[in-house]
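Here is the structure we will look at.
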Amino acid sequence: MRVTMLSALILASATPALIPLPNQVQWNTGSFALTRTTPVVSQGSSSETLDRLREALALPLRSESGGDSAIFLKKGPGMAAEEYDLNVDSHSVRISATTDAGLFYGIQTLRQLNQNGQIAACHIHDAPRFAWRGLLLDESRHFFGPKFIRKYIDEMAAHKLNTFHWHLTDDGGWRMEVKRFPELTKIGAWRKEQGVEWDYGNLYFPGPGSSAKLYGGYYPQSELRAIVKYARQRNVTIVPEIEMPGHSLAAAASHPQLQCELPADVMAKYLKDSNSQAPSMVCPGKDSTVEFYKRVLDEVMAIFPSKFIHIGGDEVDKTLWHQCRYCQSRMHALGLKDENELQSWFVRQMDAYLASKGRRLIGWDEILEGGLAPGAAVMSWRGIEGGIAAAKAGHDVAMSPTSHCYFDYSYDSIPTSRVYSYEPIPAELTGDERNRVLGGQGNIWTEHIPTPPEGRSDDLSASRRPRGDALDAA
Ligand code: ACM
Ligand code: ZN
């Protein structure tokens with residue numbers, strides 16, 4: 001496009017789009033000109049925060065100890081965590097906050113203000129309304145790899161989202177290395193290529209010796225630790241999700257001892273009808289299943305410092321439990337009246353275990369069925385009712401209803417305007433119940449998203465790909 005004098009003038013004078021819109025924005029006259037020699041004066045900010053500023057503006061920004069024409073990053077008392085103040089005039093840019101997280105968000109706003117080196121004079125004061133500003137990525141159905149994940153975290157941070165809910169396991173594949181159980185990734189990370197279209201059936205994990213064409217990938221623990229650090233440097237907490245006891249086909253295929261014990265004809269019919277290698281749910285009746293997930297959670301907690309650990313809990317098909325002798329014997333022994341109570345019992349084991357390590361369990365709203373574990377927080381997805389019920393019972397909730405927050409749905413059904421219109425606190429909540437709403441979250445499930453927009457990530461090292469990996473062929 002040819003830029004005429006007039007359009008250049010219009011471009012230069014348009015106020016920049018700030019997303020999310022800060023609480024207070026006042027535009028003043030004039031602007032600050034950024035150059036390669038603009039200095040930065042740190043008044044208490046960390047060296048990491050200075051690095052983030054250089055990154056955000058793509059300028060070297062040498063450090064100076066004083067002066068008056070510069071970018072000032074000043075830490076001082078009096079503001080909430082993540083709150084900041086940003087003042088721009090023709091001489092200086094001044095960001096102040098009480099924490100480095102606050103400075104970081106001032107820097108993200110500055111990034112959005114930067115229009116070809118000109119920062120419009122303004123005064124902005126901002127603080128988030130919610131502590132949980134989440135975005136989920138499902139890497140089980142499709143796998144994107146570490147380079148894409150860093151970009152995802154960058155985009156989250158630039159838009160002041162602070163909670164990355166990483167859906168690392170599901171029927172379609174297990175993506176986290178667990179040293180105690182290497183089969184989870186040797187077998188469970190590599191499914192038989194289904195074709196471009198995701199298929200809820202046709203889930204087979206033939207194992208490393210197979211000549212079948214495989215699709216998958218996983219994160220070694222060293223990579224996970226590096227990503228956790230990368231996220232922390234951008235004020236993003238990663239909440240890992242290890243699905244149980246449903247959406248667990250990849251785990252059940254890797255570790256058949258996790259499966260229910262059923263009459264052979266019942267299992268054969270189930271597998272034939274579902275056209276898959278293993279049931280999608282594991283057996284909560286076996287003590288060994290409970291132990292298995294505690295050992296998995298040990299490694300999860302060692303890598304992810306997040307207070308909350310997500311254990312899934314959604315859409316569990318409990319019909320097989322009704323026919324499993326371990327499940328039935330557990331139910332009889334504990335006097336559980338139905339399979340919902342059996343799931344609830346299983347979730348309570350995980351809740352108590354996480355609590356004993358100083359962590360907190362969060363799960364999808366189905367964990368309310370059969371009774372909610374004492375310390376559990378609920379992620380409301382099937383609507384807002386689960387969130388309302390949990391908050392009224394005194395539990396923390398994160399709101400992520402399909403009506404507004406499922407970003408994989410068609411644009412027709414959830415346009416941007418609908419997302420923007422979302423109010424995370426349901427009108428049904430009053431008084432202190434309203435404080436139980438930690439915030440909201442957008443979800444990106446990837447059944448229909450086989451690749452990132454720019455194509456498949458190519459940063460997966462060859463050593464991680466078994467023979468026949470579909471990524472090699474791509
Ligand atoms: C979900 O979308 N099944 C949580
Ligand atoms: Zn069972």
Side-chain angles (χ1 to χ4, degrees), residues 134-141 165-172 198 200 239 241-249 251-252 255-264 266-267 270 278-293 310-334 336 338-343 345-347 349 362-369 377-387 390 397-409 413-414 440-449:
L135 194 64
L136 171 146
L137 182 69
D138 164 15
E139 278 216 279
S140 179
R141 273 56 172 264
H165 175 170
W166 202 357
H167 189 75
L168 285 164
T169 75
D170 206 307
D171 299 326
W198 165 258
Y200 281 98
V239 175
E241 180 181 357
I242 304 296
E243 274 263 23
M244 62 185 92
H247 284 287
S248 299
L249 199 153
H255 285 266
Q257 77 276 16
L258 294 170
Q259 300 172 20
C260 281
E261 188 155 305
L262 301 164
V266 174
M267 182 64 102
Y270 175 91
S280 140
M281 77 300 299
V282 296
C283 177
K286 294 180 182 172
D287 291 341
S288 55
T289 305
V290 176
E291 282 307 305
F292 178 91
Y293 280 102
H310 204 299
I311 57 85
D314 59 317
E315 300 180 308
V316 186
D317 171 3
K318 301 170 182 122
T319 51
L320 291 187
W321 294 355
H322 200 62
Q323 291 166 280
C324 164
R325 70 184 176 88
Y326 285 97
C327 286
Q328 291 307 305
S329 121
R330 167 99 66 212
M331 286 170 61
H332 289 135
L334 299 173
L336 306 176
D338 60 20
E339 282 73 18
N340 283 337
E341 290 194 356
L342 179 59
Q343 166 156 340
W345 175 85
F346 179 78
V347 173
Q349 306 311 301
I362 186 165
W364 299 108
D365 56 55
E366 286 93 332
I367 67 171
L368 283 154
E369 295 161 4
V378 167
M379 187 165 272
S380 195
W381 75 278
R382 292 179 297 179
I384 60 174
E385 291 73 22
V397 302
M399 301 301 288
S400 189
T402 50
S403 57
H404 293 76
C405 299
Y406 271 47
F407 296 170
D408 56 315
Y409 284 16
S413 61
I414 309 190
Q441 177 173 297
N443 292 342
I444 300 183
W445 301 99
T446 61
E447 286 93 337
H448 305 294
I449 308 179

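Keep in mind that this is a model prediction, so the values were computed, not measured. Just so you know, ligand 1 is whichever comes first in the structure, and atom 1 is the first atom listed for that ligand. Count residues from 1 along the sequence.
Residue, atom and distance of the protein heavy atom nearest to atom 3 (N) of ligand 1 are D314 OD2, 2.7 Å. Of the protein's heavy atoms, Y406 OH, 2.6 Å lies nearest to atom 2 (O) of ligand 1.
Per-residue contacts place W381 under 4.0 angstrom from the following atoms of ligand 1 (heavy atoms of the residue considered): 1 (C), 2 (O), 3 (N), 4 (C). Close approach of ligand 1 to W445 (heavy-atom distance below 4.0 Å) involves ligand atoms 1 (C), 2 (O), 4 (C).
An angle of 110° is found at the Zn ion (ligand 2) between C327 atom SG and C260 atom SG, rounded to 10°. The angle that C283 SG and C324 SG make at the Zn ion (ligand 2), rounded to 10°, works out to 110°.
With contacts defined as side-chain heavy-atom distances shorter than 4.5 Å, the pair L262/Y270 does not qualify. Side-chain contact between I449 and W198 is absent, with no heavy atoms from C-beta onward closer than 4.5 Å.
Not a single N or O atom of W364, backbone or side chain, sits closer than 3.5 Å to an N or O atom of ligand 1.
Taken from CG in L342 to SG in C327, the straight-line distance is 5.0 Å, to the nearest 0.5 Å.
H310 and W364 have tilted rings, their planes meeting at an angle from 30° to 60° on a 0 to 90° scale.
Under a 3.5 Å cut-off, the side chain of H332 and the backbone N or O of Q328 do form a donor-acceptor pair.
Residues W381 and Q441 bring no donor and acceptor atom of their side chains to less than 3.5 Å of each other.
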